[in-house]
Amino acid sequence: MIAENLNKVKETLHPGVELVAVSKFHPVEALQEAYDAGQRVFGESHVQELVAKQEVLPKDIVWHFIGHLQTNKVKYMAPFVSLIHAVDSVKLLKEIDKQAQKCERVIEVLLQVHVAAEETKFGFLPDELMAMLEAGEWRDMAHVRIVGLMAMATNTDDEVRIASDFECVRQLFGKVKERFFADLPTFQELSMGMSGDYLIAQEHGSTMVRVGSMIFGERHYN
Ligand SMILES: *Cc1c(COP(=O)(O)O)cnc(C)c1O
């Protein structure tokens, strides 16, 4: 079932779009099944769960952290995490730099942008993002590499609104790339799109989609 779902999603992806299999709340057996079907990139949103799964699953899995991250928890994933999707403060960026240095690693991150209508979602507002990058502290952080932006669209059935949220992020990405990363080709990722809206996201420049329930089924929170 999981293998079939995975293939169905993959068939719909544009060439070059990376699939992050979002496995939060699913047991290791489910991840193993996806792994056996060829999936290597997994996304988790709780630190304890990520660490517990990383310990028992194959070592060539590429782990992405996609959730809201508290600074005091960075140290648990610093030894192995590949990409942290939702960096939304300089404080967090500094902590990732510090913990990555301890592990003698460079950790790749995405800056989360807030464009959705909901007030509860995390992320930099576009103006805040520009101001933060302008301030330039990130340039001195040798152990974090900012490789792009991440965003979530408004949680709505209105596809026009969803498309305009994603388009807004794509425009911002272009502006940020031109102004701050023109000489850094590693700034190239746009993490947008979940089960319900990844088809729209990839029409608006997404390079990385985070798909959970379409692969693993409904999550049972307990
Ligand atoms: C849970 C989650 C997803 C996956 O959501 P689905 O609707 O199950 O595909 C994607 N991105 C983030 C940030 C998430 O927390």
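Ligands are counted one by one from 1 in listed order, and the atoms in each one are counted from 1 as well. The structure displayed is predicted, hence computed values, not measured ones.
When each of F181, F180, F187 is paired with F173, the ring pair (Phe, Tyr, Trp, His ring centres under 6.0 Å) condition holds for F187 and for no other.
Judged purely by atom type and a 3.5 angstrom limit, E11 has no side-chain atom pairing as donor or acceptor with the backbone of L6.
I96 has its side chain within reach of V109: a pair of non-hydrogen atoms, C-beta onward, lies under 4.5 Å apart.
Heavy atoms from other residues, nucleotides or ligands lying under 6.0 Å from NZ of K73 number 12 at most. For K98, the NZ atom sits in a loose shell: 12 or fewer heavy atoms of surrounding residues, nucleotides or ligands are nearer than 6.0 Å.
Using the six-membered ring where Trp is involved, H64 and H85 have ring planes that are tilted, between 30° and 60° apart.
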Contacts table for ligand 1: protein N or O within a distance under 3.5 Å of ligand N or O, distances only.
| residue | atom | partner | partner atom | Å |
| --- | --- | --- | --- | --- |
| ligand 1 | 8 (O) | S213 | N | 2.8 |
| ligand 1 | 8 (O) | S213 | OG | 2.9 |
| ligand 1 | 8 (O) | R219 | NH1 | 2.7 |
| ligand 1 | 8 (O) | R219 | NH2 | 3.2 |
| ligand 1 | 9 (O) | S195 | N | 2.9 |
| ligand 1 | 9 (O) | S195 | OG | 2.6 |
| ligand 1 | 9 (O) | G212 | N | 2.8 |
| ligand 1 | 11 (N) | R210 | NE | 2.8 |
| ligand 1 | 15 (O) | K24 | NZ | 2.7 |

